[in-house]
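Everything below concerns the one structure shown next.
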Amino acid sequence: MRVIAELPHPECKITLFNMNQKYIVKFEQGTLEQSYKLSELDLSGGGANEIFQLLDEAFIATVVERFKTMRIDFSAAYQRQQY
């Protein structure tokens, strides 16, 4: 897996990878991560710039909200196991 680019954002780390004719966009916040895969064939040849156009603020806002939900879900699962 090869790192293509990083997109600075104040609420999460965004990294773009390339592997096996796919782009992988990985969002990280603390110990949590989300990833999205796109086939190179699904894009019109714009590479990283084309992918970064998809990652508008509205999409990133949903990713950040999903991190909040993931954190709540994991915390609840962890607490259920505590005696």
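Nothing fancy with the numbering, it's 1 onward along the sequence.
A heavy-atom distance below 4.5 Å is not found between the side chains of Phe74 and Thr31. Side chains of Glu57 and His9 form a contact here, defined as non-hydrogen atoms less than 4.5 Å apart. Two residues are said to be in side-chain contact when any heavy atoms from C-beta on lie closer than 4.5 Å; Met70 and Gln34 meet this criterion. Using a 4.5 Å heavy-atom threshold, the side chains of Ile60 and Glu11 count as separate. Annotation: side chain of Gln21 is not in contact with side chain of Leu41 (no heavy-atom distance under 4.5 Å). Looking at heavy atoms from C-beta onward, Leu54 lies in side-chain contact with Leu38 at the 4.5 angstrom threshold.
Follow the hydrophobic side-chain contacts under 4.5 Å out from Leu7 and you never reach Phe17; the two are in separate clusters. Connection of Leu55 to Leu32 is established within a shared hydrophobic cluster, with ILVMFWY side chains joined at heavy-atom distances below 4.5 Å, either directly or through further cluster members. Hydrophobic clustering, with ILVMFWY side chains joined whenever heavy atoms are under 4.5 angstrom apart, keeps Val3 apart from Val25. One hydrophobic cluster, built from ILVMFWY side chains closer than 4.5 Å, holds both Phe59 and Phe52.
Side-chain atoms of Ser75 do not come within 3.5 Å of backbone N or O of Ile72 as any donor-acceptor pair.
Atom-to-atom distance recorded for Lys22:NZ and Lys37:NZ is 7.5 Å, nearest 0.5 angstrom. Put simply, CD on Glu40 and CE on Met19 are 11.5 Å apart, with the number rounded to the nearest 0.5 Å. Atom-to-atom distance recorded for Asn49:CG and Leu43:CG is 11.5 Å, nearest 0.5 angstrom. Taken to the nearest 0.5 Å, the CD1 atom of Ile14 stands 10.5 Å off from the CD atom of Glu28. Note that the OG1 atom of Thr15 and the CD1 atom of Ile4 stand 11.5 Å from one another [nearest 0.5 Å].
Surrounding CG of Asn20 are at most 12 heavy atoms belonging to other residues, nucleotides or ligands under 6.0 Å away.
Taking each heavy atom of Phe27 and Phe67 in turn, the nearest pair found is O-CZ, 3.5 Å.
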